[in-house]
Amino acid sequence: MHLILIFVLIFLIGTHLVQSLADLLNLKSLKSSLPREFADVFDPQTYLTAQDYTKAKTKLDLTSSSLGLIILVIFIVSGGLPWLDAWVRSMGLHPVLSGLIFLGLLGLASDLLFLPFQLYSTFVLEEKFGFNRMSLATFLQDKLKGFLLVLLIGGPCLAGTILFLNAYPAWGWVWAWGGVSTVLIGVQYIAPTWILPLFNTFMPLEDGELKDRILEYARQNGVTIQDILVMDGSKRSARSNAFFTGFGRKKRIALFDTLLEKHSPEELVAVLAHEVGHWKLRHIRKMLLLGIGKTGIVLFLLAAAVRFDPLFEAFWLEQASVHAGLVLFLLVYTPLSLLLSIALHYLSRQHEFEADAFAARTTRQPESLIQALKKLSRDNLSNLTPHPLKVYLEYSHPPVLERIRALRHG
């Protein structure tokens, strides 16, 4: 077995073991007693239900990730990649089309592998804990729409990357980076108008106290909002959320209808102030620019990997290609991907603290945001005491207890 392949298998298994350790430690960190900060919102039974939900979800995640790793390792060591590559090449198609078929088949196989877990999560686990409101028809429609979006947006990005790296092995990554970055920015503009409405219905917020308070808050803080919309989140889940989307004149605030049912106007304004904070503090743009920068790094390394013949030899591929090189690179990239995700998650958590502070400062009502965070934790059955390693590896938001303490003590 080639030394590179051995290292790749070590990376894959090691990363999985670290993430599994975080999951197991997270389960051990569950506390039998309710943190006193939540005594006014959680009752003992709801707290126990939240812990049961964390246990059930962790068990499902561990099972699916472990099975996925086992099948991936078997596929690699049994020569699945060279077999699939040879079969696609035997069609005698253009390299771009061959690459799209090769990558598409791998993506489809992965989706089918995890489909039973998605169905179980939605219609058994989420149903058991009172979250799921989605019908099987809606689930299948969402899958189809997602597939079409991948074809329409991801397909051209992959095709362009394969084309440029084939035509210009040394510098094609720069052109591919420019094309992918343009798509990433463009999606930010078209998502509110064209993509999000494919999945949910958005209706204008009715006139009344809440709308008046939101508009007054926006006016006082120099924010021009095109629309305040209510999204039919209850069509799929009982979970609550809100978000601020769009750039320029396309800025919109969207509230889940489930959020409106459970919070006072003061709490809702505080939640929206948090979302406005992300925009005012340029968090959305910063993360977009970091995403573009990360894409550039990935494409640069991909271009180098495609020209590195020993990498293909390690996986028994007789002929180098961009599409196979992309898959091999993603395998080798595993440890670096984990490190980058840790860094981005850390930055995201800092952004959340900053947006909380912005909301508290501009509304002058930190307790309203605290109360909203408590209710959201209760309604979403959040884990109130996650293990630090789990937070470090995976959390894009700080644990709610840390957010509450930061709001109260600065």
Quick one: does any side-chain atom of Lys374 pair with a main-chain N or O of Glu37 as donor and acceptor, under 3.5 Å? yes

Ionic contact status for Asp85 with Arg89, cut-off 4.0 Å: yes

Checking Trp177 side chain against Val298 main chain: does a donor-acceptor pair fall under 3.5 Å? no

Side-chain H-bond candidate by donor/acceptor type, Tyr53 with Glu126, under 3.5 Å: yes

Where the side chain of Thr161 meets the backbone of Cys157, is there a donor-acceptor pair that is under 3.5 Å apart? yes

Any side-chain heavy atom of Leu347 within less than 4.5 Å of one from Lys286? no

Flag the pair Leu302 / Tyr333 as yes when at least one side-chain heavy-atom distance between them is below 4.5 Å, and no otherwise. no

When you measure from the side chain of His345 to the backbone of Ser341, do you find a donor-acceptor pair of N or O atoms at a distance under 3.5 Å? yes

Ionic contact status for Glu267 with Lys262, cut-off 4.0 Å: no

Would you say that Leu205 contacts Ile253 through its side chain, given a criterion of any heavy-atom pair below 4.5 Å between the two side chains? no

Report yes or no: do His263 and Gln371 form a side-chain donor-acceptor pair below 3.5 Å? no

Testing the basics here: between Ala360 and Pro366, what is the closest heavy-atom pair and its distance to 0.1 Å? CB-CB, 3.8 Å

Could you tell me whether Arg239 and Asp379 have a side-chain N and a carboxylate O separated by less than 4.0 Å? no

I want to check something: taking the side chain as every heavy atom from C-beta on, are Lys57 and Phe129 in contact at a cut-off of under 4.5 Å? no

Could you tell me if Tyr217 and Thr362 have a donor-acceptor pair between their side chains, going purely by distance under 3.5 Å? yes

Charged N to carboxylate O below 4.0 Å: is that the case for Glu216 and Arg219? yes

Judged by atom type as modelled, is there a donor-acceptor pair below 3.5 Å linking the side chain of Asn26 to the main-chain atoms of His387? yes

N/O donor-acceptor pair under 3.5 Å between Thr258 side chain and Ser234 backbone: no

Closest non-hydrogen atom pair, Gly325 against Val306: CA-CG2, 4.3 Å

Under 3.5 Å donor-acceptor, Arg349 side chain and Tyr395 backbone: yes

Counting distance only, does the side-chain N/O of Thr334 pair as donor-acceptor with the main-chain N or O of Leu331 below 3.5 Å? yes

Would you say the side-chain atoms of Glu352 and His278 include a donor-acceptor pair closer than 3.5 Å? yes

